[in-house]
Each structure stands twice: as C-alpha cells, then as structure tokens.
Amino acid sequence: MKKTGFIAIVGRPNAGKSTILNRLLGEKVAIVSNKPQTTRTKITGILTKGENQFVFLDTPGMHNPRTKLGRRMIKSISSAISQVDAAILVADASYPPGQIEKNFIERFNENKMPLILALNKTDNTNFAGVAKTVSEYAALSEYAAVVPTCAIKNEGIDTLLDEAAKLLYEGEWIFAPDELTDQPERKIASEIIREKLLRLLDNEIPHGCAVVIEEFKEEGKLLRIRAEIFCEKASHKRIIIGKNGDMLKKIGSYARSDMESFFGVKIFLDLWVKVKENWRESDFIINDFGIKDEEQE
Ligand SMILES: Nc1nc2c(ncn2[C@@H]2O[C@H](COP(=O)(O)OP(=O)(O)OP(=O)(O)O)[C@@H](O)[C@H]2O)c(=O)[nH]1
Ligand SMILES: [Mg+2]
C-alpha cells in the first residue's frame with residue numbers, strides 16, 4: 001500500500017534545518033551556511049523509498065523580519081505550515097526551548113498537527129545535556145517523537161525518517177519516484193552561488209545579495225551559465241570582486257565545482273556583479289529576482 005505525506009521542517013535560523021533536509025534526502029538540494037537566514041524560500045525535497053513518498057518542505061528560519069524580503073521569508077513559513085500533514089521542529093540540543101520553539105509548538109498543538117522534535121547538534125553537548133533538553137521540551141507538550149540528531153555526522157537521521165514514516169497516510173504518490181526537488185535547475189545554480197557568497201563573505205554582504213541566472217544553455221556536453229550577483233552597495237561590489245578579481249574567481253571556482261557535481265556536466269560559469277540599492281525593500285525587485293511571494297501563488 002502506497003503512503004505519502006507533506007512534512008514541514010521548521011525552527012529558528014541556523015538550527016540545521018537544511019542540513020537535515022539534505023541528510024534525509026541523501027542529496028544536497030538546500031544550501032547550508034553558518035550564517036542565519038541562509039534559506040530564503042520554502043524548498044520541497046522529495047524522498048521515495050519502498051512504499052513511502054515523503055514530501056519535505058524546508059523553510060527559512062523564524063525571526064523578526066526587518067525588511068520586505070524578511071517578511072516574505074516569514075510568509076513562506078506560514079505557507080509551508082498550511083500545506084503539511086506533520087512537522088519536524090529542529091531545535092538546538094544544548095538549549096532549553098526559547099520563544100520561537102514555544103510558538104511553533106503552540107501553533108502545531110492548536111492545529112492538532114503531529115510534531116516530531118529533532119534536537120540537533122548533539123555533538124555540542126553530552127548525554128546528560130541532551131536528556132536535560134528533552135525533559136525541558138517534554139514539560140511543554142507531547143510529541144509524535146523526540147529524536148536527538150547530529151546532522152553534520154548523519155547521526156539520528158535514520159530514526160528521524162522512521163518516525164516521519166509513521167506519520168504518512170495511505171494514498172497515491174504526488175511526485176514521480178525519481179523526483180528530488182521542486183526547484184528548477186536555474187534556481188539550484190543561483191542558490192549554489194549564493195551559498196559561496198554566504199561562506200566566503202562577512203554577514204552583511206551576502207544577506208544583501210541576490211543571484212539571478214541570465215543564461216543557462218546546454219552546448220553539447222557543456223553547460224553555459226551566466227549569473228548576475230546583485231548587491232546593495234558599491235563598496236560591497238568591490239569586496240565581492242576582490243583585489244585583482246580574486247574573490248570573484250574564488251566564488252566562481254567553488255560554485256562551478258559544486259555545479260559540476262550536481263548537474264554531472266562541465267560548467268562554464270560567467271559571473272557579474274551589479275549594485276541595486278535597497279532591493280530588499282522593493283517588492284518589484286524582489287519579484288524580479290524570482291523570490292516568490294507565497295500569497296501571490
Ligand atoms: N555542530 C553542528 N553543526 C551543525 C549540525 N547540523 C548543522 N550544523 C551547522 O549549522 C549551520 C546551519 O545549518 P543550516 O542547515 O544552514 O541551518 P538552517 O536551520 O537551515 O538555517 P537557516 O536556513 O538560516 O534558517 C551550518 O554551519 C551547519 O553545518 C550539527 O549536527 N552539529
Ligand atoms: Mg536553511
């Protein structure tokens with residue numbers, strides 16, 4: 001009997017949601033960085049295994065938005081929650097529940113939605129530390145399951161998947177068994193570039209960057225990609241390009257290598273940097289950059 005279900009992955013910024021999604025799928029579909037607010041939109045990751053089809057929705061980290069872009073990110077969390085049958089709340093195993101976690105728990109309880117708690121980053125604490133956090137969460141609510149995970153070491157992920165499988169319902173699959181994500185190839189390419197910006201540059205700069213793919217063309221065994229990196233200030237543009245273009249070369253070479261392994265072909269990557277002041281406050285430009293507004297769907 002086939003089973004399926006939509007499961008949102010939610011939590012505060014930097015909790016490890018996207019790392020967990022990638023681990024659950026066994027493939028990297030969501031970019032990861034050590035900076036909060038890495039994920040900007042909801043990302044669907046599909047896993048079909050045996051009779052089960054899991055549809056996971058990775059979401060941006062919950063925070064108080066300060067820009068229109070931020071508000072759009074928060075909307076995509078609500079949109080994801082409204083679509084799903086169950087959720088995985090990813091929280092840090094070293095800390096007691098904070099307001100963000102409490103709000104999520106309350107929201108899921110109100111909607112009578114099954115909630116799995118993934119206490120991630122267990123490598124930063126010890127058994128007693130995890131047990132303490134588990135009891136602090138247990139005092140708040142009941143959960144479908146509580147699973148300690150260490151996503152970077154791939155620990156606890158099988159258990160998380162087994163627990164998620166218990167929440168699926170009998171029904172026809174929605175996606176083809178080999179489908180992995182709803183993100184178009186161009187989006188994956190632009191996200192890979194944004195990941196390198198997040199990893200190589202200081203906080204303020206990549207948070208003000210958007211990447212737009214201007215050309216995505218297969219030429220025999222080569223994929224030709226031209227991308228424009230939009231940043232908010234001329235001073236940021238200078239830093240992104242770097243001395244003698246060194247930084248841009250580095251961004252390009254890391255991105256190209258990831259793209260080659262994802263797409264399985266040789267990539268010719270051409271990167272340009274442009275300035276678009278205050279774009280994070282312009283609905284028009286945010287739309288133009290292809291960052292979805294969930295209410296427009
Ligand atoms: N020590 C440790 N670090 C982890 C673990 N899981 C993820 N991380 C790191 O935590 C950071 C954030 O991971 P992400 O997966 O991008 O977190 P996120 O919750 O998706 O973050 P946002 O998209 O910004 O909301 C990255 O540097 C990861 O490598 C873990 O189990 N242990
Ligand atoms: Mg993320």
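In listed order, ligands and their atoms are each counted from 1.
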Asks: Around the Mg ion (ligand 2), how many protein N, O or S atoms are closer than 2.8 Å?
Replies: 2
Asks: Examine the proximity of ligand 1 to I152 and report which part, side chain or backbone, both or neither, has a heavy atom under 4.0 Å away.
Replies: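 Both of them.
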Asks: For ligand 1, which atoms, with element, lie under 4.0 Å from some heavy atom of G61?
Replies: 25 (O)
Asks: What pairs meet the side-chain hydrogen bond (donor to acceptor under 3.5 Å, both in side chains) rule with one or both residues in residues 235-253, with sequence neighbours excluded?
Replies: none
Asks: When you compare the side chains of Q53 and T48, does any donor N or O come within less than 3.5 Å of an acceptor on the partner?
Replies: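 Side-chain D/A pair, Q53 to T48: present.
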Asks: Does either side chain, that of N124 or that of S94, offer a donor lying less than 3.5 Å from an acceptor on the other one?
Replies: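 No, S94 and N124 have no side-chain donor paired with an acceptor closer than 3.5 Å.
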Asks: Which one holds for K153 and ligand 1: side chain close, backbone close, both close, or neither close, with close meaning a heavy atom under 4.0 Å?
Replies: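 Neither part.
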Asks: Within the 4.0 Å heavy-atom shell around P13, which atoms of ligand 1 are there?
Replies: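 Listed by number with element: 25 (O).
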Asks: Pick whichever of G16, A151, C150 has a heavy atom sitting closest to atom 17 (O) of ligand 1.
Replies: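 Ranked by closest heavy atom to atom 17 (O) of ligand 1, first place is G16.
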Asks: How far is atom 26 (C) of ligand 1 from the closest protein heavy atom, and which atom is that?
Replies: S33 O, 3.4 Å
Asks: For residues R194 and T38, report the shortest heavy-atom separation together with the two atoms involved.
Replies: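 Nearest heavy atoms, R194 then T38: NH2-O, 2.8 Å.
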Asks: Look at E228 together with K276 and state whether they make a salt bridge at an N to O cut-off of under 4.0 Å.
Replies: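 No, E228 and K276 are not salt-bridged.
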Asks: Any donor and acceptor pair, going by atom type alone, linking the side chain of W173 with main-chain N or O of K3 inside 3.5 Å?
Replies: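 Checking the backbone N and O of K3 against the side chain of W173, a donor-acceptor pair under 3.5 Å is found.
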Asks: For ligand 1, indicate whether the residue Q37 contacts it via side chain, backbone, both or neither (heavy-atom separation under 4.0 Å).
Replies: backbone
Asks: Per the side chain to side chain contact (heavy atoms under 4.5 Å, CB included) rule, which among I81, N109, L117 passes with F104?
Replies: I81
Asks: For the residue pair S79 / K42, report whether a side-chain donor-acceptor contact shorter than 3.5 Å exists.
Replies: yes
Asks: Should the ring pair Y137 and Y143 be called parallel, tilted or perpendicular, given that the plane angle runs from 0 to 90° and is split at 30 and 60?
Replies: perpendicular
Asks: If Ile, Leu, Val, Met, Phe, Trp and Tyr residues are connected whenever their side-chain heavy atoms lie under 4.5 Å apart, and connections chain through other members, are M73 and F284 in the same group?
Replies: yes
Asks: Report the part of T38 in contact with ligand 1, treating N, CA, C, O as backbone and CB onward as side chain, heavy atoms under 4.0 Å; options are side chain, backbone, both, neither.
Replies: both
Asks: Could you check whether any heavy atom of E155 sits closer than 4.0 Å to an atom of ligand 1, since that is the contact criterion I want to use?
Replies: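 Outside the 4.0 Å threshold, so no.
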Asks: Starting from atom 6 (N) of ligand 1, which protein heavy atom do you reach first, and at what distance in Å?
Replies: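 Looking at atom 6 (N) of ligand 1, the protein heavy atom closest to it is N120 ND2, 3.2 Å.
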Asks: May I ask you to identify the nearest protein heavy atom to atom 28 (C) of ligand 1, giving residue, atom name and distance to one decimal place in Å?
Replies: V32 CG1, 3.8 Å
Asks: For G11 versus K17, what's the shortest heavy-atom pair and its separation?
Replies: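 It is N-CD, 3.4 Å.
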